[in-house]
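Side chains included, hydrogens not; waters and symmetry mates left out as well; all remaining heavy atoms used. No experiment lies behind these values; they were computed from the predicted model shown.
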There are 2 protein chains.
Amino acid sequence: MAEVARLAQVSTATVSRVFNEPAKVSDSIQQRVREAAAALHWIPNAAGRALASRRSHIAGAIIPTLDNEIFARQISGMQAVFAENGFTLLLGCSNYDPAEGLNQVQAMLAQGIEVLALVGENYPPQAFDLLRQRGIPYVLTYGFRHDSPHPCIGFDNRAAFRQIADYIVSLGHKRIAAIFQPVDANDRVVARLEGLREGLAAGGVTLRATDLHIGPSSMDFGAESLRRIMASKTRPTAIICGNDNLALGAISAALDLGFDIPNDLSITGFDDLAIVSRIAPQLTTMRVDNLEIGRLAGQQLVQAAGGGVPVQSHELRADLRLRATTSPPRSAAGATAAAGDGNDADDHKPRHQQPRAGIRTQRVEHDLQEDKKQRRAP
Amino acid sequence: MAEVARLAQVSTATVSRVFNEPAKVSDSIQQRVREAAAALHWIPNAAGRALASRRSHIAGAIIPTLDNEIFARQISGMQAVFAENGFTLLLGCSNYDPAEGLNQVQAMLAQGIEVLALVGENYPPQAFDLLRQRGIPYVLTYGFRHDSPHPCIGFDNRAAFRQIADYIVSLGHKRIAAIFQPVDANDRVVARLEGLREGLAAGGVTLRATDLHIGPSSMDFGAESLRRIMASKTRPTAIICGNDNLALGAISAALDLGFDIPNDLSITGFDDLAIVSRIAPQLTTMRVDNLEIGRLAGQQLVQAAGGGVPVQSHELRADLRLRATTSPPRSAAGATAAAGDGNDADDHKPRHQQPRAGIRTQRVEHDLQEDKKQRRAP
DNA sequence: CTGAAAGCGCTTACAG
DNA sequence: CTGAAAGCGCTTACAG
């Protein structure tokens, strides 16, 4: 910077102003300085700048994992907003581990982040203490609770699953099972289960302990759980899954066993992953605009940076997308296996002619929004 | 820091040493300093540290987009390695725009990144000039070329598609079409097309201009292209797609039209996305270990940081995964439509009884590696 | 509109 | 093993 100043025959103060408060510098000098900077390929040093101005222009974001379309999308939206506003994004992954999350928070604080976005509430209290202590604006994304002590931008997981439960109950299902991802250190999943139980209870349905399967959020666990569920004496007529991955696995296993979806069995997911509306049977699920969550979080944080407006919570809607995997149970009474011999766990013979059934993508009328913007890859 | 020093009754130099060169400080003083730091919730300020030490401990990574499983995975691997080594990750997306890529490079340079990972070569030369000028170690990821002027960690796109072409030709296909993503500002796609043409030429097959469809990397474009291709007078018996997304679209459209895959038509993809081995017909495609690319890049850069070892190139293999969407053409002569009336673009009647066919996921023997580590979401 | 100078929070020779 | 002090590259009152 000193060299630039020398070349342009001005002081370093003037060089600084040209790039930070150009209105305060005359045009002729501005030009001279810009030319000098260009000639020397000078790029201001952020460390010096941060130290002097007490502003780092660094924003932090911590998510559980990038191996998930929904979080990647949030980051995508956030990154765009930050980039537009001169912020760079420091990214951290907690891998669903609160302790690792705290580490990331500390590392980011040390790096001088001005603001921070975090997915969910599952961090040690110390993490939030540190943020408050330093006056770092932060926002929790993805989940939203009216009674949250933190500003949050997302949707109400509990209400969303209450809605799914209400819908399934309204269809006439009496016997319902669930396949969920792990609940530990995951406030969102806990809320989903609460909403689910609440909705079922309101409809006079109980979720029995043996009908709730909890495990890895993979298609394989979804499939395995479905096989176990359908091998029981009294089969459910509907299965509510904690997310789309689990639902995809469950569907494929169900079709494999020869069940007719949705007539024999209704299945729901959550997330509306890109693939699920392009596969037959198209999955009934809920959609959350994660790109928008990321954008809103970014905007709020940019505004809050440097002591601006405080961060405001925003509640987004989760939209139920009714598609082809749900319907009323076959008989009004509920076509449970109990109506049959009921004791035959091997009653898995295909009911259709297909030698091997499974989920199938279809050319169907689906929401085309995703394809409007030209996607390119890789 | 001054307060910590005062509380511990030492100089700031000693406080600094406790955290950076603990071996040089006596145990008793170390303890005093650590206690004081803890009591004051002190976290060293990275800007001051970076300014004084000339080391920022910030690593940069620029990818085209996070909306893609493969890049997200690379970042995931890289982030883990960086975190283990005390580096924080600054993430940028170029959206496949070289100019935006240069912006990101400049912003990151200003932030003081010590090292940088970039996907591909499509950046203005100035970007690389800046990096060399400042002696910032960098590495290109994903693509690999033996004759690249830059260190790179990835696979040979050209060789990979040469392999696909060779395989398809070896099956006996004579008439082959292709559906690809845009080639502009994408060296990897260019290389793929070269490899494809090379392989076809070696097998005496020409890729005619009308048989090459280039457009958005979406399922929809894949489907649309397939319909166009199969409406032509002389239909191909095989279609090579630039990636899995396009292939998924093509398959769904083909099944929809009643074609039997692979007997009527072989289709290949690239990427081995999580879903494609769980869908029927399972896609023949190629797999690249993107997590490993990210990890290797991270390791190389960590070692190169602060004037360590220079970054070394690494070539990874792309593995052909032969699955259910490829086979020899139905007849030895190649069952092109030319053998039929040939002039009927409406010859799209379903040949099977399925009212609506499509891709289907299946419970099948597939590579379970992905599921070994418990995945959790959301 | 411009400049001289203090200072942001650390690290690091240098001296002891 | 420890400390005094210079300095990293900027910004920002303050003065003119």
Among [options], which one satisfies side-chain contact (heavy atoms from CB on, under 4.5 Å) with [X]?
X        : options                                : answer
A/Phe82  : A/Thr88, A/Val302, A/Ile58             : A/Val302
B/Ile62  : B/Val119, B/Leu116, B/Leu102           : B/Leu116
B/Pro137 : B/Val309, B/Val115, B/Leu131, B/Ile113 : B/Val115

**Prompt:** Taking a pair as Watson-Crick or G-U wobble with both distances under 3.5 Å, which nucleotide is matched to C/dA4?
**Reply:** none
**Prompt:** Who does D/dA13 pair with, Watson-Crick or G-U, both distances under 3.5 Å?
**Reply:**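 Per the H-bond distance test, none.
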Where the side chain of [X] is defined as all heavy atoms beyond and including C-beta, which of [options] is the nearest nucleotide?
X       : options               : result
B/Ala52 : D/dG3, D/dG9, C/dC10  : C/dC10
A/Ala13 : D/dT11, D/dA5, C/dG3  : C/dG3
B/Arg54 : D/dT2, D/dG9, C/dA4   : D/dG9
B/Thr14 : C/dG3, D/dT2, C/dC8   : D/dT2
A/Thr12 : C/dT11, C/dA5, C/dA13 : C/dA5

Integer-rounded Å distance: [N] [atom2] and [X] [atom1]:
X       : N      : atom1 : atom2 : result
A/Glu3  : D/dC8  : CD    : P     : 12 Å
B/Asn20 : C/dC10 : CG    : C1'   : 9 Å
A/Leu51 : D/dT11 : CG    : P     : 11 Å
B/His57 : C/dG9  : NE2   : P     : 19 Å
A/Arg17 : D/dC14 : CZ    : P     : 14 Å
B/Arg6  : C/dC10 : CZ    : P     : 13 Å
B/Arg55 : C/dT11 : CZ    : C1'   : 13 Å
B/Gln9  : D/dG3  : CD    : P     : 10 Å

**DNA chain C contacts among residues 22-47 of chain A, heavy-atom distance under 4.0 Å** = A/Ala23, A/Lys24, A/Val25, A/Ser26, A/Ile29
**Message:** I need the B/Arg73 CZ to B/Ile293 CD1 distance, nearest 0.5 Å.
**Reply:** 11.5 Å
**Side-chain N or O of B/Arg49 closer than 4.0 Å to phosphate OP1/OP2 of C/dT11** =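 So the side chain of B/Arg49 is within the cut-off, an N or O lying under 4.0 Å from OP1 or OP2 of C/dT11.
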**Request:** Tell me whether the OP1 or OP2 atom of C/dT11 has a side-chain N or O from B/Ser53 closer than 4.0 Å.
**Result:** no
**Message:** Taking the side chain as everything from C-beta on, heavy atoms only, tell me whether B/Asn45 gets closer than 4.5 Å to A/Leu51.
**Reply:** yes
**Request:** Classify the side-chain pair B/Gln104/B/Glu100 by whether it contains a donor and acceptor separated by less than 3.5 Å.
**Result:** yes
**Inter-nucleotide C1' distance (C/dT12, C/dG16), Å rounded** = 16 Å
**Prompt:** Any ion pair linking B/Arg295 and B/Glu292 (charged N to carboxylate O, less than 4.0 Å)?
**Reply:**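 Here B/Glu292 pairs with B/Arg295 in a salt bridge, since their nearest N and O are under 4.0 Å apart.
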**Message:** Judged by each residue's nearest nucleotide on DNA chain D, which is more toward the 5′ side, A/Ser16 or B/Gly48?
**Reply:** B/Gly48
**Message:** Determine whether a donor-acceptor pair (N or O, by modelled atom type, separation under 3.5 Å) exists between the side chain of A/Asn122 and the backbone of A/Pro98.
**Reply:**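 Side chain of A/Asn122 to backbone of A/Pro98: no pair is present.
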**Asked** Which is true for B/Val10 with a 4.0 Å heavy-atom rule: it touches a base, it touches only sugar-phosphate, or it touches nothing?
**Response**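 Contact class for B/Val10: sugar-phosphate only.
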